[in-house]
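Everything on this sheet refers to the single structure shown next.
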Amino acid sequence: CAAAWMSLLGGCRMHGDMERGVHAAEQIFELNPMNSSPFVLLSNIYSAVGKWNDAMKVRKRMKDGDVAKKPGYSCIEVRMRVHLFVAGDMSHPQKEEI
C-alpha cells in the first residue's frame with residue numbers, strides 16, 4: 001500500500017498538488033517512518049510553492065526521527081577503470097585534480 005501512496009505523492013510533486021501531497025506523505029510516514037523519500041518529496045512540494053518554513057519543518061522532522069537520505073552518486077569509466085563519486089565524499093585519491 002505504501003507504493004501506491006508513493007506514486008500519488010510523486011504525482012503531487014510533479015503537478016504541484018500540495019493538499020493531496022501532504023495527505024499522501026502522512027500516510028507513508030505512518031506505514032514506513034524510516035523512508036526518506038516522502039520527506040524529501042514533501043519538502044520539495046512546499047519549496048516549489050514558496051512555503052519555506054513548512055519545508056524546513058519537514059526536514060527537521062526527518063532529522064529528529066533519525067531518517068537519513070542516501071547520498072547521491074555518479075560513476076564514470078576512464079581507461080577501463082570505474083570511478084565512483086559520492087556527494088560530500090572527499091576521499092578520491094585524485095580529488096585535487098578533479
Side-chain angles (χ1 to χ4, degrees):
C1 189
W5 286 113
M6 278 301 297
S7 294
L8 178 60
L9 181 57
C12 291
R13 166 68 176 104
M14 188 178 349
H15 295 287
D17 188 342
M18 188 182 71
E19 185 177 328
R20 285 189 185 100
V22 169
H23 180 70
E26 291 298 333
Q27 297 302 312
I28 301 164
F29 296 152
E30 290 291 319
L31 294 168
N32 191 356
M34 298 308 290
N35 183 352
S36 66
S37 296
F39 289 96
V40 173
L41 286 170
L42 183 57
S43 177
N44 290 344
I45 288 171
Y46 282 137
S47 295
V49 296
K51 292 189 161 259
W52 306 112
N53 287 336
D54 290 329
M56 294 291 284
K57 287 177 188 174
V58 171
R59 293 289 182 153
K60 183 177 180 337
R61 182 177 173 185
M62 182 177 170
K63 183 178 179 181
D64 291 347
D66 288 327
V67 180
K69 181 181 174 290
K70 295 177 184 170
Y73 69 92
S74 61
C75 49
I76 60 169
E77 183 178 339
V78 178
R79 296 186 188 115
M80 301 198 44
R81 185 168 176 204
V82 176
H83 298 269
L84 177 68
F85 300 94
V86 180
D89 180 14
M90 300 299 288
S91 65
H92 194 279
Q94 294 177 304
K95 68 180 179 195
E96 296 301 322
E97 291 85 19
I98 297 170

Problem - Heavy-atom side-chain proximity of S36 to M62 below 4.5 angstrom - result: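 Yes, side chains in contact.
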Exercise for the section: Please examine the side chains of P33 and V67, heavy atoms only from C-beta on, and report whether any two atoms are closer than 4.5 Å. Expected result: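 No, their side chains stay 4.5 Å or more apart.
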Exercise for the section: Please assess L42 against F29 for the test side chain to side chain contact (heavy atoms under 4.5 Å, CB included), listing each intermediate value before the final yes or no. Expected result: CA-CA 11 Å; L42 183 57; F29 296 152; 4.2 Å; yes
Exercise for the section: Consider only side-chain heavy atoms of I, L, V, M, F, W and Y, link residues closer than 4.5 Å, and tell whether M6 and M34 are in one cluster. Expected result: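 Yes.
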Practice task
List for me each residue that meets side-chain hydrogen bond (donor to acceptor under 3.5 Å, both in side chains) alongside D17, sequence neighbours excluded, and say none if there are none.
Solution key: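 By the side-chain hydrogen bond (donor to acceptor under 3.5 Å, both in side chains) rule, D17 matches R20.
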Practice task
Measure the spacing between CD1 of I28 and CZ of F39 and express it to the nearest 0.5 Å.
Solution key: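 Taking CD1 in I28 and CZ in F39, the distance rounds to 10.0 Å.
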Problem - K51 side, atom NZ; M56 side, atom CE - distance, nearest 0.5 Å - result: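 It is 15.5 Å, given to the nearest 0.5 Å.
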Practice task
Please say whether more than 12 non-hydrogen atoms of neighbouring residues, nucleotides or ligands are located less than 6.0 Å from CD in E77.
Solution key: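 Result for CD/E77: enclosed.
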Practice task
Give a yes or no on whether D64 atom CG has more than 12 heavy-atom contacts from other residues, nucleotides or ligands under 6.0 Å away.
Solution key: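 Yes, CG of D64 has more than 12 neighbouring heavy atoms, counting only those of other groups under 6.0 Å.
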Exercise for the section: Kindly give the heavy-atom pair with the smallest separation between V82 and C75, and that separation in Å. Expected result: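 The pair with the smallest heavy-atom distance is CG1-CB, 4.1 Å.
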Exercise for the section: Quick one: closest heavy-atom pair of L8 and A24, and the distance? Expected result: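 Closest pair (atom of L8, atom of A24, distance): CD2-CB, 4.0 Å.
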Exercise for the section: Indicate yes or no for a side-chain donor-acceptor contact from S47 to the backbone of S43 under 3.5 Å, with no hydrogens or angles considered. Expected result: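 Side chain of S47 to backbone of S43: a pair is present.
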